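Right, one structure below, let's go through it.
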Amino acid sequence: MTDSLHAISEHSSTDLSQSAEVRSVNAFASWQTSSQVLLDLLETWAELGWIRWLDLALARFCRETCPEAPSELLLMACLASYQSSHGHVCLDLQETLEAPQLGLSPLIQASTQTLTRLPSALRTHLTLAQCLAACSKTSLLVSLGGQHTPLVLDTSNPESPLLYLRRFWEYESQLRHAIDQRLSQRLDWPEAPIKMLLSALFPSSTQSPDWQKIACLLAIRQRFAVITGGPGTGKTTTVVKLLALLQGLRRLTQQPPLRIRLAAPTGKAAARLNASIAGQVQNLNLSSLGDAETLRAQIPTQVTTLHRLLGAQRDSRFFKHNRRHPLPAEVVVVDEASMVDLEMMAHLVQALPDNAHLILLGDKDQLASVEAGAILGRLCEAAEDAHYRPDTLAWIEALTTEPLPRHFMDKAGQALHQSITMLRQSYRFGRDSGIGQLARAVNHAATPAELEALFLGQHNDLQRLTLPELQHPAFKALICDAQQGYGAYLQGLKQRPDVTADRRAWDAWAAQMLHTQSRFQLLAALRQGESGVEALNLLIEGWLESAGWIQVQGQTWYAGRPIMITRNDYRLGLMNGDLGITLEYPLQNSEGAWRTLLRVAFPSDKHPGGIHWVLPSRLPSHETVFAMTVHKSQGSEFEHTALLLPTQDNPVLTRELVYTGITRARSRFTLITTQPQLLHLAVQRRVYRNSGQLSQL
Ligand SMILES: Nc1ncnc2c1ncn2[C@@H]1O[C@H](COP(=O)(O)OP(=O)(O)OP(=O)(O)O)[C@@H](O)[C@H]1O
């Protein structure tokens with residue numbers, strides 16, 4: 001990982017940065033004795049874009065509230081705020097001092113010139129004792145949580161004190177409390193019905209141990225559970241069986257059925273689960289259970305977004321459902337939980353009745369939400385080795401009669417570990433699948449030779465394009481290809497119905513266009529720069545226009561433009577992450593003459609197979625997605641995914657990013673690179689998120 005404090009000091013890119021350099025170097029010497037000097041220094045950082053103005057504003061607010069606040073505290077407040085914009089819920093003081101490259105995310109990406117003072121100065125001029133002393137001197141600004149201060153110091157692990165912005169401390173406390181409370185209540189289901197239902201739901205296990213069965217068992221033992229696993233490991237299959245098990249147990253113990261709700265963080269992820277869950281419920285073999293159809297009907301198939309589930313309100317960050325108006329549900333399942341940030345998770349647990357089960361599904365190895373709080377990853381840090389206590393193992397073995405290898409046992413396993421199951425067998429990517437092997441290799445930090453061998457092996461689903469430069473014809477050929485690339489869906493533009501055709505014909509055409517378009521997607525790591533999605537979208541528009549697939553003619557809107565919604569719009573029913581294509585649509589004027597105008601076609605969430613046609617001018621914020629960032633691709637899958645690595649190394653390029661990109665591919669993956677060694681650098685670099693209070697569960 002790039003040393004970010006090093007980056008602060010070593011790099012700048014403009015004249016502004018040079019003058020700021022001089023100011024910051026001069027200022028640095030005396031920052032600890034004068035808070036004004038520190039604020040000036042922070043202002044310089046803000047001018048350079050290294051921190052947000054909001055981060056500076058917090059430091060200024062702290063000084064206004066408490067003029068005697070030591071400079072060390074103002075600096076820590078600013079950095080805690082900065083950290084929250086980089087996915088961290090708090091500032092780990094010890095780590096920041098010892099290894100700023102871990103504690104502080106990269107402050108800048110562009111780098112050409114040098115400064116040399118700040119990182120070493122931060123490390124040598126500041127000690128943990130000084131930081132703690134600064135916190136203890138300012139009770140108006142910092143407390144241990146009891147007072148209503150803007151900052152909260154968590155010293156539960158004295159070796160690693162954490163400084164929080166109050167908002168995040170409260171969210172994390174709420175989440176920790178909700179999980180704690182659910183972990184501490186053991187549910188005593190009678191054993192006979194569990195065994196009966198398990199043998200009906202898992203008539204023949206091909207795997208030993210059968211982790212799907214274990215996941216169901218661990219999830220009914222208390223009201224909190226996590227089921228994690230890579231693509232195609234059966235998370236949806238398992239949760240459907242789990243819900244059947246829960247409803248079956250309710251029936252066999254003469255209790256009314258549970259009210260169950262299914263949700264996902266984005267509209268796209270909800271639609272994907274919607275499509276797969278209905279089939280899974282239908283295929284569930286319940287024949288050995290009496291009145292199977294009633295039981296089947298008690299498993300919902302409708303998946304909604306978390307925002308809708310909680311009742312998002314226009315122009316408000318508060319939801320209709322909260323502690324005072326809890327959700328009318330006894331089980332809530334959240335899919336793609338790796339994408340859920342801390343704030344949303346806290347809102348969710350606040351809205352859960354105390355007796356409601358919370359079940360999280362997701363892939364712990366995927367990129368986390370860009371917002372603060374990598375919840376799923378943090379909860380699942382120890383999932384690989386299970387850490388089941390002897391009583392948990394004994395319980396699993398008594399009910400499944402399957403011995404579990406002893407290395408999964410840990411006498412000191414935490415309560416949290418007893419509620420987590422990691423599914424380990426991919427049913428989508430067999431042992432020989434190149435995509436599956438590459439994803440596993442990246443996850444296990446394979447050596448350059450091992451990665452190389454995978455690309456050189458005879459895997460039909462794996463391909464690598466090594467380019468001397470981005471504008472290379474081989475890249476253009478892949479993008480414009482009529483079978484493999486965007487040509488495949490763009491050729492459908494010429495097959496539109498006649499203007500006088502009815503709405504069903506237009507909907508069917510648009511549905512076909514959307515289906516074909518989802519077969520290929522180019523992903524990129526970055527937003528800016530020559531290999532960022534903004535530049536790539538322009539490059540690709542030019543290529544597709546010169547190949548005759550589209551007619552941009554300098555316009556923003558043209559037939560064939562694929563877009564992604566980037567902000568929820570409840571009025572229009574469009575959600576962040578929804579994908580649409582700009583298409584011609586017929587219009588008849590008052591004289592009866594027909595013409596076409598451009599509309600954006602989205603799959604309708606109200607009528608399966610239907611199309612929601614929206615005027616471009618009415619759309620909420622959106623972007624072109626010939627090239628899409630890996631972050632934005634989460635929750636989606638494409639038949640053929642091509643991942644373009646940056647032309648230069650960048651701290652954003654991590655193992656999690658590459659793994660997420662690869663696992664978006666259903667049947668084909670192409671790695672595009674100008675610097676093959678960047679793949680090796682990426683797999684060695686982890687996204688760092690400090691653990692906060694959740695590590696104490
Ligand atoms: N135990 C099993 N035996 C055989 N096939 C299975 C088993 N479990 C799941 N499958 C099949 O594997 C495929 C993927 O399963 P499923 O959709 O449940 O996985 P997932 O982990 O939810 O996938 P995703 O990565 O899309 O989230 C499905 O076709 C499913 O029927």
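FYI, the numbering just counts along the sequence from 1. Not measured: the values here are computed from a predicted model. Scope of the values below: all heavy atoms of this structure, side chains included, with no hydrogens, waters or symmetry mates.
Scanning both residues, Glu336 and Pro265, for their nearest heavy atoms gives O-CG, 3.3 Å. In terms of heavy-atom proximity, Thr516 sits nearest to Ala488 at CG2-O, 3.6 Å. The two residues Ala346 and Tyr171 come nearest to each other via the heavy atoms CB-CD2, 3.6 Å. In terms of heavy-atom proximity, Ile435 sits nearest to Ala665 at CD1-CB, 4.0 Å. When all heavy atoms are compared, the tightest approach of Arg428 to Arg666 is CD-CG, 4.5 Å. Nearest approach of Leu536 to Leu644, heavy atoms of both residues: CD1-CD2, 3.4 Å.
Phe168 is not listed as a side-chain neighbour of Leu162, based on a closest heavy-atom distance of 4.5 Å or more. Here the side chains of Ile214 and Trp211 are in contact, with some heavy-atom distance below 4.5 Å. Counting heavy atoms from C-beta on, the side chains of Met344 and Val334 never come closer than 4.5 Å. Between Val89 and Arg378, some side-chain heavy-atom pair lies under the 4.5 Å cut-off. Side chains of Ile179 and Arg182 form no contact here, defined as non-hydrogen atoms less than 4.5 Å apart. With contacts defined as side-chain heavy-atom distances shorter than 4.5 Å, the pair Met575/His307 does not qualify. When side chains are defined from C-beta on, Met345 counts as touching Leu360, because their heavy atoms get closer than 4.5 Å. By the 4.5 Å heavy-atom criterion applied to side chains, Leu643 and Val630 are counted as neighbours.
With values rounded to the nearest 0.5 angstrom, Ile299 atom CD1 is found 10.0 Å from Leu245 atom CG. Interatomic distance, Met422 CE to Phe408 CZ, rounded to the nearest 0.5 Å: 8.5 Å. The CD atom of Gln366 sits 4.5 Å away from the OG atom of Ser338 when rounded to the nearest 0.5 Å. How far CG of Leu465 is from CZ of Phe455: 11.0 Å, rounded to the nearest 0.5 Å. Here the CG atom belonging to Leu352 is positioned 10.5 Å from the CZ atom belonging to Phe224, to the nearest 0.5 angstrom. Atom OG1 of Thr236 sits about 12.5 Å away from atom NZ of Lys241, to the nearest 0.5 Å.
Using cut-offs of 30° and 60° on the angle between ring planes, the pair Phe520 and Tyr486 is perpendicular.
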Please determine whether side chain to side chain contact (heavy atoms under 4.5 Å, CB included) holds for the pair Glu639 and Arg668, giving the CA-CA distance in whole Å, both sets of side-chain angles, and the decisive distance to 0.1 Å. CA-CA 6 Å; Glu639 284 305 313; Arg668 185 164 191 171; over 6 Å; no
Arg664 vs Met628, side chain to side chain contact (heavy atoms under 4.5 Å, CB included): CA-CA, chis, key distance, verdict: CA-CA 12 Å; Arg664 298 311 86 211; Met628 184 189 288; over 6 Å; no
Would you please test Glu530 and Thr647 for side chain to side chain donor-acceptor pair (under 3.5 Å) and show each step? CA-CA 8 Å; Glu530 70 162 337; Thr647 43; 3.1 Å; yes
Going through the checks in order, is the side chain to side chain contact (heavy atoms under 4.5 Å, CB included) test met by Leu681 and Leu653? CA-CA 8 Å; Leu681 290 177; Leu653 195 57; 5.9 Å; no
Given side chain to side chain contact (heavy atoms under 4.5 Å, CB included), test Leu438 with Leu451 step by step and report yes or no. CA-CA 7 Å; Leu438 182 63; Leu451 290 169; 4.0 Å; yes
Let me see the working for Gln94 and Ser160 under side chain to side chain donor-acceptor pair (under 3.5 Å), right down to the final yes or no. CA-CA 6 Å; Gln94 182 62 22; Ser160 168; over 6 Å; no
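Distance alone, capped at 3.5 Å, is enough to place a donor-acceptor pair between the Asp210 side chain and the Gln212 backbone. Without hydrogens or angle criteria, Gln634 side chain to Leu367 main chain gives a donor-acceptor distance under 3.5 Å. Using modelled atom types, no side-chain atom of Thr629 and backbone atom of Ala525 make a donor-acceptor pair closer than 3.5 Å. Using modelled atom types, no side-chain atom of Arg223 and backbone atom of His357 make a donor-acceptor pair closer than 3.5 Å. Proximity of a side-chain donor or acceptor of His444 to a complementary backbone N or O of Arg440 within less than 3.5 Å is detected. Remark: the backbone N or O of Asn568 is not paired with any side-chain donor or acceptor of Asn576 at under 3.5 angstrom. Using modelled atom types, one side-chain atom of Ser426 and one backbone atom of Pro231 make a donor-acceptor pair closer than 3.5 Å. In terms of modelled atom types and a separation under 3.5 Å, the side chain of Gln521 and the main chain of Gln517 share no donor-acceptor contact. A distance-only check finds no donor-acceptor pair linking the side chain of Asp461 to the backbone of Ser667 [under 3.5 Å]. Under the 3.5 Å distance criterion, the side-chain polar atoms of Lys235 are matched with a main-chain donor or acceptor of Gly229.
Checked by atom type, the side-chain pair Thr392/Gln418 shows a donor-acceptor distance below 3.5 Å. A donor atom on one side chain and an acceptor atom on the other are found under 3.5 Å apart for Gln280 and Thr237.
Surrounding CG of Asp391 are more than 12 heavy atoms belonging to other residues, nucleotides or ligands, all under 6.0 Å away. More than 12 heavy atoms of other residues, nucleotides or ligands lie within 6.0 Å of CD in Glu469, so this atom counts as buried by the packing criterion.
Among Leu579, Thr624, Asp578, the one residue that satisfies the side-chain contact (heavy atoms from CB on, under 4.5 Å) test with Met564 is Leu579.
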